[in-house]
Amino acid sequence: MNGKCISGPAASSGRLTRPAVLALLLAGSPLTRGSLIVPYGDAADVAAPSATRSYAEQLDARAIQVLLEASQIEGQDQVINVQALSDRLFQMVEKGQPSQALRAARKLAELSPDSPEAQRLLGHLNYVQGLAAEAVPPLRRALELNDQDMATRMLLGVALADAGQFNEALRHLATAQRAAPRDGELRHNIGVVLLRAERFEDAVTQLRLACRLRPENAISQHDLGLALLGADKMDEAIEAFQAAIEKDPKYLQARRNLAAAYVQTGRLAEAVPWLAGIILDDGPTEVWSELLNVLWRLADGSGPLTPLGADDNFEATYRQAVEALRQDRPMESMRLLLRVFATRPELAGPANDLGALLAAQKHEEAALLFFGRAAALAPDEGPAQRNVETLRGDLMRRARLRGAAEHWETERENPAKAYEARVALGNIYGELGELPAAQTAWREAAELAPSAALPHLMLGRIAEDQGRRSAAERHYRAALFLEPGQIEALTRLATVLLHYNQPGPRRQGLRLAERVQTLTGGENPNALQLLSAAQALNGLHVAAQQTALAGAVRALLQNNQRLAQTLFNDWQLYGRLAAGAAPAGPTPA
């Protein structure tokens, strides 16, 4: 049974009333009532009653017009080809002539009151034009004339559901389902009717089966997500929406409902890229309001976001926002900028400043959205254009990394590439900033290759980034046990030990720094910087001054001006320490 998807109306006219579904924290919930699948079936050519005026088999525009006018049609011995007429009328709907098509179907049903195909065609056209209640009577008549037509029965069930008559709709759909128990469309429609009737657990059961029968169908996955929301199974609902998007990345409603589910569960940061992506893909304008309100809540704003009032000083508020940003008060600046932007969205400056704040917070998609708006509002200003180009490049790089991660995830269970896959995933997730996923990959790599030092080195780096100094020390020591001459592990372990404010660890850090300097042949300015810091922290200020100066010279010879300046500053500091002019030591590199 083939079919055509007719999307359900927006939530504002929906039937879902359970708080778990309607209490979304976005203004204007994007949840739909679920999407019913409308069957076409296979209409046969049928002869009209003798009183019906007939026309040529291959209907053209003139023949349809004749039918519309109910004029005399010659050749009463011919037959009406309802399938040909049906095709033509649906073409008229697609070409923007729905009223003419519906008038023709009404006339045909009037001329052929005992033709189930003609009655079904009228019901079908009524339904696809949003006239569910008007679709029901001709579909009931068609079923009276041919109660074995399961496609008509299914269509009647769909129309009854849209008309709010859920019990009768379920009876017809259940009858059709018994005739075709493996029909995924039927299971889907039963699930959606149950969803609209607020029988959420029953809807979940039917929609799960529909997903199994049609595993590649994104609509069933999406509507399963709606049913799971109604059943208060939020995490499973999020997974269902994600599955729908995987099957159809352009599925706007699934993306919007996924964002809404994230907001409802308090995962505001995860909702931001989805809402921004919808707007970037020219989604509905009301998504702007949803995104701004999510950002407002992320910035600890109280109540709903409201524009500045008539008594507020716009310029002063904007200056306060810029000053808060300059003084590193990002949340305050975000709140002020959001109110400024909500008041004057046609100004490029606030949009650009919001883009900068969001980029700093790693909300790249949202930053690109605001930068792009600023660039469109002020096309002659270079900074906004450069910001857009930079962020687009970063997003493309992240997309490539995501693609690589997907590839290596498929290799996890391949024995020949198991270790290689973990190493690749550890590096990729680390570059994406997803440290828990990176940590998992490196731990699995360490288990697969117990004699490899690299996983322990990378686990140490992750622990150090997370501020877990003891764990970092443990992993670096494990790496050095497996590979004693590993320069990076030696350097990082020395740095960790030097950060302890205790003589013992600092002496160990000095010995490790001396070893790094020996292994690098005394030519590496970074190794010399580490050694000078270790010497200073152990009270060897004169030696530290000499090492820092040697490092500065090496850095200059290698044309590393920034490091040379840092080491020269260290040389001056260590000189003051040697002379007793400063009480404190340096921070290790």
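Because the structure is a prediction, the values reported are computed rather than measured.
Proximity of a side-chain donor or acceptor of D312 to a complementary backbone N or O of G309 within less than 3.5 Å is detected. A donor-acceptor distance shorter than 3.5 angstrom exists from the side chain of R373 to the backbone of P345, with no hydrogens or angles considered. In this structure, the side chain of Q119 engages the main chain of A109 through a donor-acceptor pair within 3.5 Å. In this structure a side-chain-to-backbone donor-acceptor pair under 3.5 Å is present from T410 to H407. Listed for the R339 side chain is a donor-acceptor partner under 3.5 Å among the backbone atoms of T306. Although no hydrogens or angles enter the test, the distance criterion places no donor-acceptor pair under 3.5 Å between the side chain of S220 and the main chain of A210. Judged by distance alone, with hydrogens and angles left aside, the side-chain atoms of N293 form no donor-acceptor pair with the main-chain N or O of P304 at under 3.5 Å.
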Discussion item. Would E201 and K233 count as a salt bridge (charged side-chain N to carboxylate O under 4.0 Å, His left out) here? Give the steps.
Written reply: CA-CA 10 Å; E201 293 289 353; K233 298 178 179 179; 3.3 Å; yes
Practice prompt. Could you go through the salt bridge (charged side-chain N to carboxylate O under 4.0 Å, His left out) check for R178 and D183 one step at a time?
Written response: CA-CA 10 Å; R178 285 192 291 274; D183 191 312; over 6 Å; no
Item to complete: Go through the steps to decide whether R196 and E198 satisfy the test salt bridge (charged side-chain N to carboxylate O under 4.0 Å, His left out), and finish with yes or no.
Response: CA-CA 5 Å; R196 295 184 183 181; E198 300 178 19; over 6 Å; no
Practice prompt. List the steps, then state whether side chain to side chain contact (heavy atoms under 4.5 Å, CB included) holds for M334 with Q361.
Written response: CA-CA 11 Å; M334 176 79 82; Q361 296 171 16; 3.6 Å; yes
Item to complete: Walk me through it: do F371 and N352 pass the test side chain to side chain contact (heavy atoms under 4.5 Å, CB included)?
Response: CA-CA 5 Å; F371 281 145; N352 194 65; 3.3 Å; yes
Discussion item. E134 vs R106, test: salt bridge (charged side-chain N to carboxylate O under 4.0 Å, His left out). Steps then yes/no.
Written reply: CA-CA 11 Å; E134 289 85 343; R106 285 175 182 153; over 6 Å; no
Practice prompt. Apply side chain to side chain contact (heavy atoms under 4.5 Å, CB included) to D281 and R255, showing your working.
Written response: CA-CA 11 Å; D281 287 347; R255 291 159 65 188; 2.8 Å; yes
Worksheet item: Does the side chain to side chain contact (heavy atoms under 4.5 Å, CB included) test come out yes or no for R199 and L170, once each step is laid out?
Response: CA-CA 12 Å; R199 293 169 55 182; L170 286 170; 3.6 Å; yes
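The structure places CG of L291 at 4.5 Å from CD1 of I279, a figure rounded to the nearest 0.5 Å. Here M234 contributes atom CE and I238 contributes atom CD1; the two are 6.5 Å apart, rounded to the nearest 0.5 Å.
Two residues are said to be in side-chain contact when any heavy atoms from C-beta on lie closer than 4.5 Å; Q221 and E246 fail this criterion. Taking the side chain as every heavy atom from C-beta outward, Y251 and I219 approach each other to under 4.5 Å. The closest side-chain heavy-atom distance from D353 to S333 is not below 4.5 Å. Contact annotation: the side chain of M150 never approaches that of L186 to less than 4.5 Å [non-hydrogen atoms, C-beta and beyond]. In this structure, the side chains of L139 and Y127 stay at 4.5 Å or more apart for every pair of heavy atoms. When side chains are defined from C-beta on, L295 counts as touching L358, because their heavy atoms get closer than 4.5 Å.
Test F314, W288, Y318 against F341 for ring-ring contact (aromatic ring centres under 6.0 Å, His included) and you get one pass: W288. For the side chain to side chain contact (heavy atoms under 4.5 Å, CB included) criterion with L258, the lone passing option out of E270, H222, Q242, E239 is Q242.
Residues T317 and V340 approach most closely at CG2-CG2, 3.8 Å, considering heavy atoms. The shortest heavy-atom contact between A237 and G225 is CB-O, 3.5 Å. Annotation for R256 and V287: closest pair NE-CG2, 3.8 Å, computed over non-hydrogen atoms.
Sorted by first and then second residue, the salt bridge (charged side-chain N to carboxylate O under 4.0 Å, His left out) pairs with a member in residues 166-176 read R140-E168; sequence neighbours excluded.
The existence of a salt bridge linking R187 and E185 is excluded, since no basic side-chain nitrogen approaches an acidic carboxylate oxygen closer than 4.0 Å.
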